[in-house]
Structure formats: structure tokens, C-alpha cells
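When reading the values below, keep in mind they use all heavy atoms of this one structure, side chains included, and skip hydrogens, waters and symmetry mates. Predicted model only: the values in this text are computed from it and were never measured.
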Amino acid sequence: MSVQYEDYQITVFQSALHQTTSTVAVTEDIILIVDPTWLPEEIEAIQRHVKESDNGQRQYLLFTHSDFDHILGWNAFPEAVTIASRGFVARSGKDATVQEIHDFDDHYYIQRPYIIDYPEIDIIIDYDEQTIESGNTSIMFYLAPGHQPDGVFAVINQTNTLIAGDYLSDVEFPFIHHNSEAYERTIDKLEKVLSEQKIELLIPGHGNSTNEFKEMQDRIGDSRWYIQVLRDEVRREETFDVLQAFVDSFLFSRYLGEEHENNKRQMQAEEKG
């Protein structure tokens, strides 16, 4: 598994699939593992890094949301204390999510050395700025619905790192699988965190991390613009060339074009009430 970003505390692994990131943050107090995925050898690389970094710290495993690609590695880290939102715990259709993992593995003849199941959560995030503290390390969590209803993003205060989940990607525009207005509120929340806290590294769930503040702001602006223009297009029942050009500007435009059409259908359903 490739390492996209690394400093003395943060390592961002990137899968060959969907440029999905898995983050490991190491301090003297904790090891935080985020969304370990996809392929067995990729998860093994994360396991080795965690083992090499283990000096007796408490291990935490954060799930930013319940899409199957973000949860399939949970049983690879049995010692870790699991963290996710209340919505993640209460989600209906857990069996269907687990079946997606089995379907993926069956399709590609993948065998894993651990049981596939929906994660059991030890620490439930119920509200914004809920904080876990261990020694000199603290992690602050924020509810982040929009992409999915059960999203969470997190700030590691000691390292000034924002773990954004499936938001603020440079390889994807917003994928609105839940609700566009909720997505906008999460964008507003991310913007507020960036303006009020000293964020030095932004890690999206897919694509490239950045330590450039202007790049972080640009990703917020692009996400907000996309949703607002798509809503205008749906309400006017027109096709905006500028929006299609924006979608086509992304590298994987064929797949992203399908997601754009899904977003359009989602917004049409919202408009009908």
C-alpha cells in the first residue's frame, strides 16, 4: 500500500482503489487508526505500521461513516477502541452493508484472515465538539451528515490535523447520498473549524491530503458552489454547461458522471418533498 503523506506523527496510506485513504496518527498517548481499507495486503501494511508504532499507547479505531469500504477492516484491529456516530450505531440495513463486503470479496476472489461483520462501537459520538482526551492528546469530533446520515469528522488537536471523511476531496465533487442541505451545513461546519482552529493538515477520505490553507478553502468553495449550482439547475429544469464542464474536469469523469446523475436525482427528490 502506498504512503501518500508521512511525518513523525501522521501517516496517510492510500489504496489503489478509489484513492481511498486510511490514516494512522501516533502520539505518546494514543494510536488513532481511521477507516482501514481496502485489500488484504493494504490492511496488512497498516497493521505493520501500527505494530511498529506501538509503545503501549491506547489504540482507537475511528469510522468516519458506514459505507462498506470504510468499515471492512475493523476486525483487523481487535485491540482498538472503536469510535463512530450515534447514526452509525443505529443505522438500519447493517446486514446489507456487510453483504456488500462479501459481494466485493467474492467478485475478486479475496480471502481475509479475519471475520467480516458490522463494527461494534465502544465510544459513540452524539454531539459536536465531543472530545476524547488521553494524556496530552485530545481528539474533537463533529457530526457530519450529508454524504451519509451518519458521518463524523475529527480534529486531532496535538497535530492540528483535520480528518474530513468523505468531504473536501480533490478527486471528487460532493457525493450526496443523504441530503444536500445537510451536506451544506457540514461544509459550513468544516469552514468554521478551519477558520477557528489552526489546521495544518487536511485528510479527505479519497484523494490527496493538503497542508495548504488556500487549497482547503478552495475545496470548501468548490463543494459549496457545486451544490448550489446543481440545485439551481434542478429547480429551473435546465442543463448548465458550466456545471457539466466542472464535472468533466475531474480525472475519472465517466464514473463521476454517474455520481453526478445520482446527485441530480437525489436533489430532485428533495425538491418534491
Side-chain angles (χ1 to χ4, degrees), residues 4-13 21-36 46 49-66 70-71 73-74 77-89 119-147 150-168 185-205 209-213 216-217 219-220:
Q4 176 204 111
Y5 174 91
E6 188 169 27
D7 61 29
Y8 72 101
Q9 289 184 302
I10 304 293
T11 303
V12 182
F13 296 89
T21 63
S22 299
T23 298
V24 179
V26 179
T27 75
E28 62 183 7
D29 308 300
I30 70 162
I31 298 176
L32 175 67
I33 308 151
V34 184
D35 296 344
I46 301 170
H49 180 71
V50 169
K51 185 176 181 179
E52 291 166 1
S53 304
D54 187 358
N55 289 311
Q57 307 98 311
R58 193 171 196 188
Q59 294 183 17
Y60 292 96
L61 175 55
L62 169 64
F63 301 105
T64 60
H65 59 292
S66 61
H70 290 260
I71 70 169
W74 89 279
F77 301 90
E79 297 180 4
V81 176
T82 53
I83 309 168
S85 72
R86 177 72 61 181
F88 183 103
V89 174
E120 298 176 4
I121 302 304
D122 301 309
I123 298 177
I124 299 174
I125 305 304
D126 282 310
Y127 54 89
D128 291 343
E129 299 186 1
Q130 186 171 335
T131 303
I132 293 173
E133 295 183 345
S134 180
N136 295 318
T137 305
S138 64
I139 310 170
M140 188 174 292
F141 300 91
Y142 297 81
L143 300 177
H147 169 63
D150 55 12
V152 164
F153 69 83
V155 175
I156 307 173
N157 293 321
Q158 186 177 14
T159 63
N160 299 315
T161 302
L162 171 57
I163 298 170
D166 277 9
Y167 295 91
L168 306 187
R185 289 191 292 271
T186 293
I187 291 297
D188 291 343
K189 201 179 295 185
L190 284 159
E191 184 175 48
K192 186 173 185 289
V193 168
L194 286 176
S195 68
E196 294 180 352
Q197 302 189 39
K198 186 181 178 183
I199 301 300
E200 297 179 353
L201 179 65
L202 165 70
I203 306 172
S209 306
T210 181
N211 52 20
E212 297 291 334
F213 187 71
M216 300 177 198
Q217 292 177 310
R219 293 187 191 187
I220 284 174

Original post:
Can you check whether Ile156's main-chain N or O pairs, donor with acceptor, with Thr161's side chain at less than 3.5 Å?
Top reply: no
**OP:** Please tell me if the side chains of Leu201 and Ile10 come closer than 4.5 Å, counting only heavy atoms from C-beta onward.
**Re:** yes
Original post:
Heavy-atom distance under 4.5 Å between the side chains of His49 and Glu6, does that happen here?
Top reply: yes
Subject >> Heavy-atom donor-acceptor pair, Gln57 side chain to Asn55 backbone, under 3.5 Å >> reply: yes
Subject >> Ile31 CD1 to Glu79 CD distance, which is reported to the nearest 0.5 Å >> reply: 9.5 Å
**OP:** Please lay out, stage by stage, how Thr21 and Val34 fare under the test side chain to side chain contact (heavy atoms under 4.5 Å, CB included).
**Re:** CA-CA 9 Å; Thr21 63; Val34 184; over 6 Å; no
Subject >> Trace of the side chain to side chain contact (heavy atoms under 4.5 Å, CB included) decision for Phe141 with Val155 >> reply: CA-CA 7 Å; Phe141 300 91; Val155 175; over 6 Å; no
**OP:** Give the minimum heavy-atom separation between Ile125 and Leu143, together with the two atoms involved.
**Re:** O-CD2, 3.7 Å
Original post:
Asp35 side chain to Gly205 main-chain N or O, any donor-acceptor pair under 3.5 Å?
Top reply: no
Original post:
Quick one: OG on Ser53 to CD on Gln59, what's the gap to the nearest 0.5 Å?
Top reply: 9.5 Å
Original post:
Can you name the side chain to side chain donor-acceptor pair (under 3.5 Å) partners of Asp150, sequence neighbours left out?
Top reply: Ser66
**OP:** Report the distance from atom NZ of Lys192 to atom CD of Gln197, rounding to the nearest 0.5 Å.
**Re:** 8.5 Å
Original post:
Considering all heavy atoms of both residues, which atom of Gly146 and which atom of Tyr167 are nearest to each other, and what is their separation?
Top reply: N-OH, 3.5 Å
Subject >> Close side-chain approach of Thr23 and Leu32, heavy atoms under 4.5 Å >> reply: no
Subject >> Aromatic plane relationship, Tyr142 with Phe153 - under 30° parallel, 30 to 60° tilted, over 60° perpendicular >> reply: parallel
**OP:** Rounded to the nearest 0.5 Å, what's the gap from CZ on Arg219 to CD on Glu212? Could you check?
**Re:** 10.5 Å
Original post:
What pairs with Ser209 under side chain to side chain donor-acceptor pair (under 3.5 Å), at least two apart in sequence or on another chain?
Top reply: Gln4
Original post:
What residues, two or more places apart in sequence or in another chain, satisfy side chain to side chain donor-acceptor pair (under 3.5 Å) together with Thr137?
Top reply: Thr27, Asp29, Gln158
Subject >> Backbone N/O of Glu129 and side chain of Thr131: donor-acceptor pair under 3.5 Å >> reply: yes
Subject >> Nearest-0.5 Å distance that lies between atom CD1 in Ile124 and atom CZ in Arg86 >> reply: 4.0 Å
Subject >> Interatomic distance, His147 atom NE2 to Asp166 atom CG [nearest 0.5 angstrom] >> reply: 4.0 Å
Subject >> Ser85 versus Gly151, closest heavy-atom pair with distance >> reply: CB-O, 4.4 Å
Original post:
Can you name the residues that form a salt bridge (charged side-chain N to carboxylate O under 4.0 Å, His left out) with Lys198, not counting sequence neighbours?
Top reply: Glu200
**OP:** Examine distances only and state if a side-chain atom of Thr82 and a backbone atom of Asp122 form a donor-acceptor pair shorter than 3.5 Å.
**Re:** yes
Original post:
In chain order, what residues pass the salt bridge (charged side-chain N to carboxylate O under 4.0 Å, His left out) check against Asp128, with sequence neighbours excluded?
Top reply: Lys189
Original post:
What are the two closest non-hydrogen atoms of Leu61 and Ala80, and how far apart are they?
Top reply: CB-CB, 3.7 Å
Original post:
Which atoms form the tightest heavy-atom contact between Leu62 and Ala154, and what is the distance?
Top reply: CD2-CB, 4.0 Å
Original post:
With sequence neighbours excluded, what pairs up with Asn157 under the side chain to side chain donor-acceptor pair (under 3.5 Å) test?
Top reply: Ser138
Subject >> Heavy-atom side-chain contact between Ile203 and Tyr5 under 4.5 Å >> reply: no
**OP:** Grab the two heavy atoms, one from Thr64 and one from His70, that are nearest each other, plus how far apart they are.
**Re:** OG1-ND1, 3.9 Å
Original post:
Is there side-chain contact between Phe88 and Pro119, with at least one heavy-atom pair below 4.5 Å?
Top reply: yes
Original post:
With side chains defined as the heavy atoms from C-beta onward, is the minimum distance between Gln130 and Met140 less than 4.5 Å?
Top reply: no
Subject >> Contact check, side chains of Leu168 and Leu202, non-hydrogen atoms, under 4.5 Å >> reply: yes
Original post:
Does Asn211 reach the side chain of Ile199, with side-chain heavy atoms less than 4.5 Å apart?
Top reply: no
